Amino acid sequence: MTLRFPETFLFGTATASLQIEGGDSNNTWYEWSQAGHIKDGTHSIRACDHWQRIDADFRLHEELNSHTYRMGLEWSRIEPQEGVFSEEALNVYRREIEGLVQRRIVPLVTLYHFSLPLWFARMGGWNHPQSALYFWRFVQRVVGHLGDLVQDWITLNEPNIYLTMGYLRGEWPPGLKNATAPMFDAARRLVEAHVLAYRAIHLQRPDARVGVAHHLRIFDPTGGPLSALSAYLHERIFQDMFLQAMTRGRFIAPLGRGYPLGKEKFADFIGVNYYTRDMVRGKWGGGPLHGVLLVKKGAPVNDLGWEIYPRGLSRIITRLWKRYRLPIWITENGICDARDEVRPAYIASHLREVHRCIQAGIPVERYYHWTLLDNFEWIEGESARFGLYHNDFETQTRTLRESGRFFAQIARTRSLEVPS
Ligand code: FCB
């Protein structure tokens with residue numbers, strides 16, 4: 001059976017600046033690598049050396065027949081010191097985006113994806129009372145420089161993951177553990193940062209499409225009322241809280257209440273980063289969420305042990321559509337699979353769910369595979385391989401994987417063969 005995607009549907013890949021560029025020592029992940037936190041001992045300073053290889057790397061999108069590309073901008077390059085903007089860095093990005101546009105590849109630009117300039121982090125990062133204003137100033141500058149070329153923007157990537165890893169688990173910068181009050185404080189400022197950026201982009205470019213790339217997963221209870229309660233709390237605090245605030249301006253507990261920033265629409269699409277599901281087992285005293293997260297017994301998993309659960313994608317899309325009635329872009333979906341054994345099937349099974357939603361009338365408009373090429377995967381370093389291209393980090397040789405060929409064919413034909 002052939003599944004056909006609409007002619008307007010766009011296929012592409014996603015990356016983040018810090019994870020591919022290399023060469024920048026002015027950001028929080030440089031310091032975090034320096035401090036020896038990366039599990040395999042690698043360092044963000046190397047990554048894919050993309051900053052020096054922008055021209056050569058256009059070929060990667062061409063071979064994949066991509067219609068679009070989600071790329072990030074590194075704030076620490078653009079504003080290396082507080083209030084000082086680098087025309088040079090902005091021009092590098094400008095040339096890169098021009099190169100995409102010339103190749104008819106639609107750019108989708110992420111303004112913040114986990115790494116922060118050191119000056120900003122030293123002031124307290126997202127806990128600084130004016131942090132949203134600093135971000136707003138940066139965004140205005142960027143849109144002033146690139147707004148003629150870029151219509152589609154992601155303000156923030158996965159605020160929930162950033163806060164969980166950086167404020168609860170202490171595994172990412174700023175390295176705090178169980179810092180609940182500072183975490184909710186930072187969450188409020190991130191919402192404010194998104195809202196200010198949303199308005200600023202629209203002021204400069206009224207036809208812009210602006211949204212957040214939300215990390216959404218499935219939380220399924222293992223059984224019994226306490227597990228059900230815990231799954232509900234996880235869903236609410238880990239995702240709905242952010243979705244409601246960043247889509248409609250509505251604050252729900254424990255973030256706050258009402259519409260402190262105005263009752264408006266703050267998103268033109270909902271970005272979905274989807275990877276996996278957690279099973280939630282209730283446990284009194286398992287923290288305020290009363291539960292522990294488990295992997296379903298016997299379920300297929302990726303190299304990092306995350307369950308492969310394609311059905312979760314359509315469950316999430318359907319829920320979002322019912323609640324928000326906004327177009328949905330899959331801004332990330334992919335698998336850590338160094339041997340590329342499961343990736344083709346992973347792509348097919350997840351696209352099948354996307355297709356099912358489109359058939360049901362839901363406007364899912366884009367699919368970005370995470371990721372273009374193996375890169376610097378945060379604390380996992382270079383060892384976790386998510387790329388459609390294999391990357392040899394020593395020689396920076398990119399080699400198309402079998403899954404990449406498969407993806408290229410799907411993008412070219414906008415269709416997918418599946419067993420009926
Ligand atoms: C997402 C991140 C992305 C990458 C993938 C594997 O949570 O947005 O940068 O780490 O996971």
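The basis for the numbers below is simple: all heavy atoms, side chains too, and nothing from hydrogens, waters or symmetry mates. Residues: numbered from 1 along the sequence shown. Values in this document were obtained by computation on a predicted structure and should not be read as measured data. Atoms within a ligand are numbered from 1 in the order they appear, just like the ligands themselves.
The nearest protein atom to atom 7 (O) of ligand 1, hydrogens excluded, is given as Glu158 OE1, 2.5 Å; this is a heavy-atom distance.
Counting the atoms of ligand 1 from 1 in the order shown, those under 4.0 Å from a heavy atom of Phe386 are 6 (C). Distances below 4.0 Å separate heavy atoms of His113 from the following atoms of ligand 1: 2 (C), 3 (C), 8 (O), 9 (O). Less than 4.0 angstrom separates some heavy atom of Gln19 from each of these atoms of ligand 1: 3 (C), 9 (O), 10 (O).
Between Asn157, Leu304, Thr331, Asn375, it is Asn157 that holds the heavy atom closest to atom 8 (O) of ligand 1. Among Trp378, Tyr275, Phe376, the residue whose heavy atom lies closest to atom 11 (O) of ligand 1 is Tyr275.
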Show me the donor-acceptor pairs, under 3.5 Å and distance only, between side chains in residues 168-182 and residues at least two apart or in other chains.
none

For residues 294-306, which side-chain donor-acceptor pairs fall under 3.5 Å, sequence neighbours excluded?
residue, atom, partner, partner atom, Å
Asn302, OD1, Leu304, N, 2.7
Asn302, OD1, Gly305, N, 3.1
Asn302, OD1, Trp306, N, 3.1
Asp303, OD2, Ala338, N, 2.7

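A centroid separation of less than 6.0 Å is found between the aromatic rings of Tyr93 and Trp51. Side-chain rings of Trp126 and Phe135 approach one another, their centers coming within less than 6.0 Å.
Judged purely by atom type and a 3.5 angstrom limit, Arg205 uses its side chain to pair as donor or acceptor with the backbone of Gly147.
In terms of polar-atom proximity, defined here as any N/O pair under 3.5 Å, Glu332 does make such a contact with ligand 1.
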